[in-house]
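Working notes, beginning with the structure itself.
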Amino acid sequence: MTTDTTYNPNITWYEDRSIFVGSATPFACAPGDEYSMPGKVLFWGSVGGAVLFFFMWLFSGLGEAATGERPLAQNHMGTFFLIPPFFVAMGAVIGWRVIDCTLGCSSWAESAPSISFLTANIMFEGYVLLFVMLVLIAYIFFERVDEMARNRVKLEAEVAALNRIGNKLEAEVKPHHLPYYFTSLAGEWLMRWGFALTTITGIMPSLAGNCHMQPTEYYEYCYEEVMSAGPHTIGIAGGIFLTFLGFQLRAVGPITGQGLEKLKPGGARSYAFYTLVISELTFFLMLAYFVAWGYFLSLSGTGTKRVDVCILHETMDQCTGASLPPMQQRWADQRQGGWKCRWDPNADFYQYPCTKFNCDAGGRVTQNKYSVIFEFLGFLYWAIASAGMTQAIDIMDDIPAIENPIKKYVKQQRKRLFEARELGAGAAPSALV
């Protein structure tokens, strides 16, 4: 049974639906503002992400070249370059149908406060794009995390072998081990769980429903509300947090093994450090964008009802509610704000003929625009930061954490031989006296 309802029998029900025709709300761009402020935020936020990605590519490439693993001319970022085109496509869609101020109440921000909502309810092709993008990101990072694990196991085996060689040579070499081994192992699994959780819950569609519109004596189970507020939102947030935590734990071991005191300008360690710092900065910006998204999402209030996504109504009867059964018409009318859609018989091809009446009341459209933009930028910076952290860890794994006992033994023998020659050269004149 419902425990909450918007139904109010004291509000008027209009049997004549023609009163909802020809009363669309005009909505124009700000005077003299060729590009709206939300558009500027989207553009410069995306440019900032591209700049950060470029420097990660540059420094990680120089680091890989310094270790001797890959020349800078090679594609050291690998399949990470498959991810940006999906964000470019999604950003183009957002710029086209969400933040364009000339759309007025025909903007998707009229109803959609999030990417999940607009892809699940308005742009169904966008859901396919989102599905492929999330699955591809998870697959690419799963492959790279598995590579991290293989590097860790290989390094542990090499360390054990070098310790045995050092003991046989009787060199003055203390036993070594990879620092924070179990921390690195835990970090790898947290990353796997994080990417899997973000993907599984992210592709759950955030569908709009008509929950709580009917009287409390009628039974209803708000599946859409439960999925959107529960597994979808909590799962995405939890998955992103797990990936962030996993990267931090996985980076602890290599950082401790290399030591900041060994940094030299132009060396592999320094380039790994630069990549790591830029990645951490990107994670911080990601957090800032997600906080901003949460703020604007909270301003949107309760979720938009299915009948109130006016731009989806393609005929006059659908837009005015005439196609609904009389009882549903009554429930939709007898609530705060009443029936919200208006049919414009003079709409051109650029506008939707059915839009929400007074759609920007309280700045709702602008708030929804910022909500969608900051969600997009948050996910963009999450992917960029994750790629940068992966590259930094890869470089640090390629740098030997300890000195080969054989090389150290040879150095010791050469040093002793040099010292013996110096002593011999110094003793020769005194012997002639």
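Quick caveat, the model's predicted, so the values are computed rather than measured.
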Does Y127 use its side chain to pair, donor to acceptor, with the backbone of I203 at less than 3.5 Å?
yes

Between Y274 and Y271, what is the ring plane arrangement, given parallel below 30°, perpendicular above 60°, and tilted in between?
perpendicular

Take atom CZ in F86; do more than 12 heavy atoms of anything else shown fall under 6.0 Å from it?
yes

Quick check: do V41 and F374 have side-chain heavy atoms less than 4.5 Å from each other?
yes

Any sub-3.5 Å donor-acceptor pair from T5's side-chain atoms to Q214's backbone N or O?
yes

Backbone of P113 reached by a side-chain donor or acceptor of S371 within 3.5 Å
yes

Going by heavy atoms in the side chains, are L377 and S46 under 4.5 Å from each other?
yes

Should the heavy atoms of other residues, nucleotides or ligands under 6.0 Å from CZ of F81 be counted, would the total exceed 12?
yes

Checking T183 side chain against L249 main chain: does a donor-acceptor pair fall under 3.5 Å?
no

More than 12 heavy atoms from other groups under 6.0 Å of CH2 on W13:
yes

Using side-chain heavy atoms (C-beta onward) and a distance below 4.5 Å, is Y370 in contact with M37?
yes

In K356, R335, R342, the residue satisfying salt bridge (charged side-chain N to carboxylate O under 4.0 Å, His left out) with D308 is R335

For the ring pair F87 and Y381, is the centre-to-centre distance below 6.0 Å?
no

E147 with R150: basic N within carboxylate O range, under 4.0 Å
no

Please identify each residue that fulfils side chain to side chain donor-acceptor pair (under 3.5 Å) with D333, with sequence neighbours left out.
R17

Is F142 atom CZ crowded by more than 12 heavy atoms from other residues, nucleotides or ligands, each under 6.0 Å away?
yes

Between W343 and E314, what is the shortest heavy-atom contact and its length?
CH2-O, 3.5 Å

Smallest separation among heavy atoms of I236 and T201, with atom names:
N-OG1, 3.2 Å

Can you tell me how far apart CD1 (I384) and CG (L281) are? Round to the nearest 0.5 Å.
11.0 Å

Contact summary for V365 and A109, nearest pair of heavy atoms:
O-CB, 3.6 Å

Pairwise distance CG(N151) to CZ(R144) - rounded to 0.5 angstrom
9.5 Å

Tell me the closest heavy-atom pair linking S36 and C101, and the distance in Å.
CB-CB, 4.2 Å

More than 12 heavy atoms of other groups within 6.0 Å of F241 CZ
no

Are there more than 12 heavy atoms of other residues, nucleotides or ligands under 6.0 Å from atom CE of M316?
no

Can you list every disulfide bond (SG atoms under 2.5 Å apart) pair that touches residues 272-323, not counting sequence neighbours?
C310-C341, C319-C354

Decide yes or no on side chain to side chain contact (heavy atoms under 4.5 Å, CB included) for Q328 and M213, but give the supporting numbers first.
CA-CA 9 Å; Q328 293 184 16; M213 292 182 62; over 6 Å; no

Test W382 against T198 for side chain to side chain contact (heavy atoms under 4.5 Å, CB included), laying out the working first.
CA-CA 11 Å; W382 168 66; T198 302; 3.9 Å; yes

Backbone N/O of S206 and side chain of S116: donor-acceptor pair under 3.5 Å:
no

With distance as the sole test, does T243 use its side chain to make a donor-acceptor pair with the main-chain N or O of M191 at under 3.5 Å?
no

Approximate separation, where rounding is to 0.5 Å, of T79 OG1 and I140 CD1:
4.0 Å

Any carboxylate oxygen within less than 4.0 angstrom of a Lys/Arg side-chain nitrogen, looking at D397 and R250?
yes

Apply side chain to side chain donor-acceptor pair (under 3.5 Å) to S18 and D16, showing your working.
CA-CA 6 Å; S18 63; D16 181 11; 2.7 Å; yes

Test log, rule side chain to side chain contact (heavy atoms under 4.5 Å, CB included), inputs I94 and I115
CA-CA 9 Å; I94 293 173; I115 295 176; 4.2 Å; yes

Stepwise ring-ring contact (aromatic ring centres under 6.0 Å, His included) check, F195 with Y139
CA-CA 9 Å; F195 285 115; Y139 173 77; over 10 Å; no

Do you know which two heavy atoms are closest between G388 and M56, and how far apart they sit?
CA-SD, 3.5 Å

Is the distance from the ring center of F141 to that of F80 below 6.0 Å?
yes

Could you tell me whether the side chain of N210 and the main chain of R306 form a donor-acceptor pair under 3.5 Å?
yes

Closest heavy-atom contact between R192 and A149?
NH2-CB, 3.8 Å

F379 side chain near M133 side chain, heavy-atom distance below 4.5 Å:
no

Test your reading of the model: is there a side-chain donor-acceptor pair from Q334 to the backbone of I11, 3.5 Å cut-off?
yes

Give, for atom CH2 of W57 and atom CD of Q391, the distance between the pair rounded to the nearest 0.5 Å.
11.5 Å

Polar side chain donor-acceptor pair, E375 to S114, under 3.5 angstrom
no

Strictly by modelled atom types, are D100 and T102 linked by a side-chain donor-acceptor pair under 3.5 Å?
yes

Can you tell me if Q367 uses its side chain to pair, donor with acceptor, with the backbone of S300 under 3.5 Å?
no

Decide side chain to side chain contact (heavy atoms under 4.5 Å, CB included) for T355 and E110; before the verdict, give the C-alpha distance in whole Å, the side-chain angles of both, and the deciding distance to 0.1 Å.
CA-CA 8 Å; T355 56; E110 168 262 349; 5.8 Å; no

With rounding to the nearest 0.5 angstrom, report the CZ to CD1 distance, F43 to I373.
13.5 Å

Would you compute the distance between atom CD1 of I311 and atom OG of S107 and round it to the nearest 0.5 angstrom?
7.5 Å

H313 side chain vs V307 backbone, donor-acceptor pair below 3.5 Å:
yes

